[in-house]
Number of protein chains: 2
Amino acid sequence: MVSAPESSSTSTATLNRLSVYLRCLQELLRAGASTISSHALAERFHLSSAQIRKDLAQFGEFGIRGVGYEIAPLAERLHHLLGLDRKRRLVIVGMGQLGTALAGYIHFNDASFEVVAGFDNDPEKIGRKRRGVPVYSTDQLERVIQETGAEIAVLTVPATAAIECQEALAGAGVRAVLNFAPVLLPERGSMRVKNVDLRTYLEEASFLLSAPLP
Amino acid sequence: MVSAPESSSTSTATLNRLSVYLRCLQELLRAGASTISSHALAERFHLSSAQIRKDLAQFGEFGIRGVGYEIAPLAERLHHLLGLDRKRRLVIVGMGQLGTALAGYIHFNDASFEVVAGFDNDPEKIGRKRRGVPVYSTDQLERVIQETGAEIAVLTVPATAAIECQEALAGAGVRAVLNFAPVLLPERGSMRVKNVDLRTYLEEASFLLSAPLP
DNA sequence: TCATGTGAAGCAGTTCACAGCG
DNA sequence: CGCTGTGAACTGCTTCACATGA
């Protein structure tokens, strides 16, 4: 038994699975279960049980041989590991259709994240609230982000504006961006970027439909 | 010179890059360029030039040694390859905030995709149009999909409803799903699934913010 | 006995480095 | 000469298989 190494590097793939495991564990907990084996978990996600054990073993020995994992402490561990016991503030840049919808969606779905501000260039929107979120001019980006202490940004602006927005966000100290604009934004310095390119996803679907059935 | 192999298997990663290359080529074409080298492309995307050459070489020899790639024919080739010269019909299941926003977004952004129907359980919405898209009861899913010939579905329903929706879609003959519900839907038979899990993305960001700076 | 934790093997995708050709 | 096309090396993730321990 070793006290959790915790560090080195956890891959994105592993991280995303942990997020999914956590939700599953929370559900099991609500349903009154107390332990679960890697095999049982694997079945739910159509993964291999070894995958799950490897994922979990990175952070210390959490399982009980012959039995499985205790759900409650494991869930708590993952919750902490993902940094979810601390509420994260985020801003939405581009309060159009999609930005506004995401503001509501995040607010409604996720207790660990708080949408503290939206930005837009449309004078009609500036100074009002949309879905409970105050909308500021994009000029105010740096000031508002520093005042609110936001750490994450969701980018829902047109492709042409995305790069300059990213620069402004980097300047304001934002360290994580979810980019919905259809451009591949690069990581820059300490800023992490997750590109969520709807267009690419649709085109992937289109390709698969054209291809012969597997 | 070999006539394009075209087949075997193209990985998702490659496919997604092709989608991005295509948009870049179209932009270059509008700007009046006629050829581009793998190095110049690589610079734009912060990729290696070898990566780009490998990606493109899968479909035949398209480059001119000592020069680079001719933009127009390459763009046309990729466009065809991704199946974009054929208009794809899609439906949105769950016409809430997010579903409605996506309907507008796709319609506005992408000439190759047509949103032909939305589905929801809310009687208030059924029978009306939202963002130009007629909304039907979820009961009608199979009938409407077969009548419209939709091939792609965007899932924006609550997590609890996602699995049964997937089954209904599979039954209706839909072969590609973009799932925005926060559950990991499995591929089933010939149905391809792309999970776009906002919650996981946010939690990934949260983890990275907690972790020491790289 | 049964399920975990883990080295070793396997596989996939990326990068390297250079031969080949315009 | 410059840039493509490509085998070979490399990197990192996944799966296997088994020793270990409750």
Side-chain angles (χ1 to χ4, degrees), chain A residues 1-6 8-21 25 28 33-71 73-74 77-78 184 186-187 204 214, chain B residues 1-6 8-21 25 28 33-71 73-74 77-78 184 186-187 204 214:
Chain A
M1 169 78 82
V2 184
S3 70
E6 169 101 16
S8 68
S9 60
T10 306
S11 78
T12 302
T14 301
L15 221 44
N16 291 354
R17 283 192 300 270
L18 292 180
S19 163
V20 176
Y21 299 160
L25 292 173
L28 286 166
S34 68
T35 62
I36 188 159
S37 71
S38 61
H39 296 273
L41 268 176
E43 217 164 286
R44 294 187 174 236
F45 302 124
H46 304 263
L47 293 171
S48 77
S49 60
Q51 176 84 87
I52 289 175
R53 291 198 299 278
K54 269 256 158 73
D55 286 343
L56 297 179
Q58 284 180 55
F59 309 104
E61 304 200 355
F62 258 74
I64 305 158
R65 294 174 195 232
V67 180
Y69 297 87
E70 278 193 73
I71 296 173
L74 182 57
R77 187 81 167 81
L78 293 183
L184 209 50
E187 319 253 309
E204 183 187 334
Chain B
M1 171 77 83
V2 185
S3 70
E6 171 101 15
S8 68
S9 60
T10 305
S11 79
T12 302
T14 300
L15 221 44
N16 291 354
R17 283 192 300 270
L18 292 180
S19 164
V20 176
Y21 299 161
L25 293 172
L28 286 166
S34 68
T35 63
I36 188 161
S37 71
S38 62
H39 296 273
L41 268 176
E43 218 164 285
R44 295 185 173 238
F45 302 124
H46 303 262
L47 294 171
S48 77
S49 59
Q51 175 85 87
I52 289 175
R53 291 199 298 279
K54 269 257 160 73
D55 286 343
L56 298 179
Q58 284 180 55
F59 309 105
E61 306 198 354
F62 257 75
I64 305 159
R65 293 174 195 229
V67 179
Y69 297 88
E70 278 194 73
I71 297 174
L74 182 58
R77 188 80 167 82
L78 292 183
L184 209 50
E187 318 254 310
E204 184 187 335

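Below, chain A is the first sequence line, B the second, and so on; all start at residue 1. Basis for what follows: all heavy atoms, side chains included, without hydrogens, waters or symmetry-related copies.
- Residue A/Leu74 contributes atom CG, which lies 17 Å from atom P of C/dA3 at whole-angstrom precision.
- Atoms CD1 (A/Ile52) and P (C/dT6) sit 17 Å apart, rounded to a whole Å.
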Report, one pair per line, the protein and nucleotides 9-11 of chain D atoms (nitrogen or oxygen only) whose separation is under 3.5 Å.
none

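- Going from atom CD of B/Gln58 over to atom P of D/dG7 covers 13 Å, rounded to whole Å.
- Taking atom CZ of residue A/Arg65 and atom C1' of nucleotide D/dC18, one finds them 11 Å apart after rounding to whole Å.
- For the pair A/Ile71 CD1 and C/dA3 C1', the computed distance is 15 Å after rounding to whole Å.
- One distance of note links CZ of A/Arg17 with OG1 of A/Thr10; it measures 11.0 Å at 0.5 Å rounding.
- Atom-to-atom, CD of A/Glu70 to C1' of C/dT4 comes out at 14 Å; the value is rounded to the nearest Å.
- Judged purely by atom type and a 3.5 angstrom limit, B/Arg77 uses its side chain to pair as donor or acceptor with the backbone of B/Phe59.
- Residues A/Pro73 and A/Phe62 come closest through the heavy atom pair O-CE2, 4.0 Å.
- At most 12 heavy atoms of other shown residues, nucleotides or ligands fall within 6.0 angstrom of atom CD in A/Glu43.
- Summarising the geometry of A/Ser49 relative to A/Ser38, their closest heavy-atom pair is CB-OG, 3.7 Å, with the distance given to 0.1 Å.
- Between B/Tyr69 and the phosphate of D/dG5, there is a side-chain N or O to OP1/OP2 separation shorter than 4.0 Å.
- Residue contacts for B/Gly66: at a heavy-atom cut-off of 4.0 Å it reaches a base atom on one of the strands shown.
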**OP:** Please assess A/Arg53 against A/His39 for the test side chain to side chain contact (heavy atoms under 4.5 Å, CB included), listing each intermediate value before the final yes or no.
**Re:** CA-CA 9 Å; A/Arg53 291 198 299 278; A/His39 296 273; 4.1 Å; yes
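- Residue A/Ser38 places at least one side-chain N or O closer than 4.0 Å to OP1 or OP2 of C/dT4.
- Remark: C1' of C/dT14 and NE2 of B/His46 are 18 Å apart, rounded to the nearest angstrom.
- A pairwise comparison of heavy atoms in B/Leu56 and B/Leu18 identifies CD2-CD2, 4.1 Å as the closest pair.
- Among all heavy-atom pairs drawn from B/Ser37 and B/Val67, the shortest one is CB-O, 4.1 Å.
- Between the CG atom in B/Leu184 and the OH atom in A/Tyr21 there is a gap of 9.5 Å [rounded to 0.5 Å].
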Filtered N/O pairs between nucleotides 14-17 of chain D and protein, under 3.5 Å:
from   : atom 1 : to      : atom 2 : distance (Å)
D/dT14 : OP1    : A/Arg17 : NH1    : 3.0
D/dT14 : OP2    : A/Arg17 : NH2    : 3.0
D/dT14 : OP2    : A/Gln51 : NE2    : 3.3
D/dT14 : O5'    : A/Gln51 : OE1    : 3.3
D/dT15 : OP2    : A/Ser48 : OG     : 3.2
D/dT15 : O4     : A/Lys54 : NZ     : 2.9
D/dA17 : N6     : A/Arg53 : NH2    : 3.4

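- Two residues, A/Ile64 and B/Ile64, neighbour DNA chain D, and the one matched to the more 5' nucleotide by heavy-atom proximity is B/Ile64.
- One can place CD of A/Glu43 at 15 Å from C1' of C/dA3, the figure rounded to the nearest angstrom.
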